[in-house]
Structure formats: structure tokens, C-alpha cells
Novice: 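Submitted below is the structure of interest, expressed as C-alpha cells.
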Amino acid sequence: MASSNTIRRIYAMKDVYPISDITDGVDPIHVQVGSQTPPSNRIKSKRAALTYNHVAEKFTIPISVAAKELGVSTSTLKYRCRELGIPYWSYLKMKSLATLESSVLGFARAGSQHIIRHIREEMEAIMDNPTLKISDETKDLRYRMYELKKKMKRKATAAV
């Protein structure tokens with residue numbers, strides 16, 4: 001509750017500053033000093049404006065960067081993701097598939113187009129449903145590419 005001295009000062013100034021200008025129409029006698037204001041509607045409206053499609057577009061970048069681009073905090077983005085049914089951020093899956101795609105393109109051989117098409121289809125499926133697991137075929141391909149890179153690296157170091 002405001003002290004009586006504060007109230008007297010406010011009423012003494014009402015000729016200079018009308019009380020409505022000082023208090024925005026709120027009775028100064030019933031205003032609690034230090035009371036907390038309700039949560040901002042601006043934050044709620046930003047969170048509500050995040051649709052599944054807005055969020056899914058950002059799966060290819062880390063969540064902290066995505067939050068900055070969307071204009072919300074990381075916690076707000078995570079909260080909204082849970083509301084939308086996205087249990088976790090799919091960045092690592094998408095990064096893994098993108099790396100696999102670039103590896104396959106780097107070792108481009110005849111007939112690798114269907115492999116690249118498969119990887120891209122899997123990326124699109126994860127964009128639609130981030131809870132999907134990477135298929136066993138893709139995991140096997142990822143392992144084979146890893147082994148191939150390791151073999152090439154050994155050959156390069158042995159030649160030197």
C-alpha cells in the first residue's frame with residue numbers, strides 16, 4: 001500500500017499534472033507498490049504465431065540460432081515445440097543426413113542418384129514428422145561412407 005505522504009504528494013501535484021496522466025486512470029490509493037505486472041501478451045502472441053511449418057523450416061540449424069531468427073527465446077521455442085508435438089529438435093538428424101548426402105555426392109558414381117533421392121526423401125519425412133528414426137538402410141549407408149572415408153585417409157597417409 002502506498003504511504004500517506006506519497007498520496008499527499010500525488011494529490012498536491014494534481015493541478016500541475018492531472019491525476020489521470022500520472023496513474024493512467026488507476027486510483028493511486030489502491031495501487032500496491034512493487035506489485036508484479038501480468039506476463040506480457042506480446043510474448044504469448046509471438047509464441048502462438050509459431051506454427052509447425054515456421055518451426056519445421058528451421059530444423060536444419062541449431063535451436064539457439066532458430067530462436068534468434070524467429071524472434072523468441074530458446075526456452076519459448078522449446079515450449080512451443082512441445083505444444084506442437086515436437087519432442088526434440090531435429091537438427092542433428094538433419095545435419096547427419098546432409099553430411100551423408102554431400103559424402104555420396106563427393107564419391108559420385110553411376111547409379112548414386114537413387115541414393116541421393118532416398119536421402120532427400122528421408123529429410124523431407126523428418127521435416128514432416130521429427131519423431132521418425134533414420135532408416136536402417138540410411139544408417140548402413142552412413143556406416144559404409146564412414147568406412148570408405150577412413151580407408152581413403154589411411155591410403156593418403158601411407159602414400160606420404
Side-chain angles (χ1 to χ4, degrees), residues 1-2 6 10 17 20-28 30-109 111-154 156-157:
M1 194 75 156
T6 305
I10 291 173
Y17 302 106
S20 60
D21 290 349
I22 297 170
T23 61
D24 291 330
V26 177
D27 184 6
H30 296 98
V31 173
Q32 287 184 344
V33 177
S35 65
Q36 292 185 351
T37 57
S40 170
N41 288 336
R42 182 182 56 82
I43 294 172
K44 287 181 182 178
S45 65
K46 276 189 174 183
R47 187 174 68 215
L50 294 176
T51 63
Y52 186 90
N53 291 334
H54 286 114
V55 173
E57 289 174 354
K58 306 294 182 186
F59 283 158
T60 57
I61 56 178
I63 193 166
S64 57
V65 176
K68 285 179 185 173
E69 287 183 8
L70 293 169
V72 295
S73 69
T74 305
S75 297
T76 301
L77 180 56
K78 287 180 183 180
Y79 185 84
R80 184 61 179 150
C81 284
R82 302 312 177 267
E83 287 178 343
L84 293 170
I86 303 168
Y88 51 86
W89 197 248
S90 298
Y91 168 67
L92 293 177
K93 277 186 200 177
M94 299 300 284
K95 182 180 175 186
S96 174
L97 290 171
T99 303
L100 180 60
E101 181 183 17
S102 66
S103 295
V104 171
L105 285 171
F107 290 104
R109 294 182 178 157
S112 63
Q113 291 304 317
H114 76 282
I115 295 171
I116 293 183
R117 193 174 329 109
H118 171 75
I119 293 169
R120 288 183 181 159
E121 286 171 0
E122 193 153 354
M123 288 174 85
E124 289 173 15
I126 290 172
M127 292 281 248
D128 292 338
N129 183 3
T131 59
L132 287 178
K133 305 252 185 251
I134 294 177
S135 70
D136 290 337
E137 289 176 4
T138 307
K139 287 179 183 177
D140 185 49
L141 177 63
R142 186 172 55 186
Y143 179 73
R144 285 186 284 140
M145 291 305 294
Y146 166 76
E147 287 293 321
L148 184 61
K149 282 182 181 179
K150 191 167 77 171
K151 191 176 187 179
M152 300 282 280
K153 192 182 239 184
R154 270 188 274 173
T157 56

Novice: Measure the NE2-CD distance between His54 and Glu69 for me, rounded to the nearest 0.5 Å.
Specialist: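 One finds 12.5 Å between NE2 of His54 and CD of Glu69.
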
Novice: Write down the atom of Arg154, the atom of Thr157, and the distance for their closest heavy-atom approach.
Specialist: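 Shortest heavy-atom contact: O-OG1, 3.0 Å.
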
Novice: Just how far is it from atom CZ of Arg142 to atom CG of Leu97, taken to the nearest 0.5 Å?
Specialist: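 Arg142 CZ to Leu97 CG: 7.5 Å, rounded to 0.5 Å.
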
Novice: How far does CG of Leu50 sit from CG of Leu84, to the nearest 0.5 angstrom?
Specialist: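 The distance works out to 7.5 Å.
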
Novice: If you round to the nearest 0.5 Å, how far is OH of Tyr79 from OG of Ser73?
Specialist: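 Going from the OG atom of Ser73 to the OH atom of Tyr79 covers 12.0 Å.
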
Novice: Should Val72 and Arg80 be marked as a side-chain contact (heavy atoms from CB on, under 4.5 Å) after you check the CA-CA gap, both sets of side-chain angles, and the distance that decides it?
Specialist: CA-CA 10 Å; Val72 295; Arg80 184 61 179 150; over 6 Å; no

Novice: Does a side-chain heavy-atom distance below 4.5 Å link Phe59 with Ile86?
Specialist: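 Of all side-chain heavy-atom pairs linking Ile86 with Phe59, at least one is under 4.5 Å.
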
Novice: Which pair of heavy atoms, one from Trp89 and one from Ala66, lies closest together, and at what distance?
Specialist: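 Shortest heavy-atom contact: CZ2-CB, 3.6 Å.
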
Novice: Pair up each side-chain donor or acceptor in residues 121-130 with any protein partner under 3.5 Å, not counting sequence neighbours, and list the distances.
Specialist:
residue	atom	partner	partner atom	Å
Glu122	OE1	His118	NE2	3.4
Glu122	OE1	Ser135	OG	3.2
Glu122	OE1	Thr138	OG1	2.4
Glu122	OE2	Ser135	N	2.7
Asn129	OD1	Thr131	N	3.3
Asn129	OD1	Thr131	OG1	2.6

Novice: Quick check on Lys78: does its NZ atom have over 12 non-hydrogen neighbours (other residues, nucleotides or ligands) under 6.0 Å away?
Specialist: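 No, the 6.0 Å shell around NZ holds no more than 12 heavy atoms from other groups.
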
Novice: Atom OG1 in Thr51, atom CD in Glu57: separation rounded to 0.5 Å?
Specialist: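 One finds 7.5 Å between OG1 of Thr51 and CD of Glu57.
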
Novice: Short question: side chain of Ser112, backbone of Ile115 - any donor-acceptor pair under 3.5 Å?
Specialist: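 Side chain of Ser112 to backbone of Ile115: no pair is present.
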
Novice: Can you sort out the partners of Ser102 under side-chain contact (heavy atoms from CB on, under 4.5 Å), two or more places apart, ordered by chain and number?
Specialist: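 Ser102 satisfies side-chain contact (heavy atoms from CB on, under 4.5 Å) with no other residue.
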
Novice: Can you list, pair by pair, the side-chain donor-acceptor contacts under 3.5 Å of residues 145-153, counting residues two or more places apart and other chains?
Specialist:
residue	atom	partner	partner atom	Å
Glu147	OE2	Tyr143	OH	3.1
Lys149	NZ	Ser103	OG	2.9

Novice: Once you round to the nearest 0.5 Å, how far does NZ of Lys68 lie from OG1 of Thr74?
Specialist: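 Answer rounded to 0.5 Å: 8.0 Å.
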
Novice: Taking C-beta and beyond as the side chain, do Leu92 and Ser96 meet within less than 4.5 Å on heavy atoms?
Specialist: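 Leu92 does not reach Ser96 side chain to side chain.
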
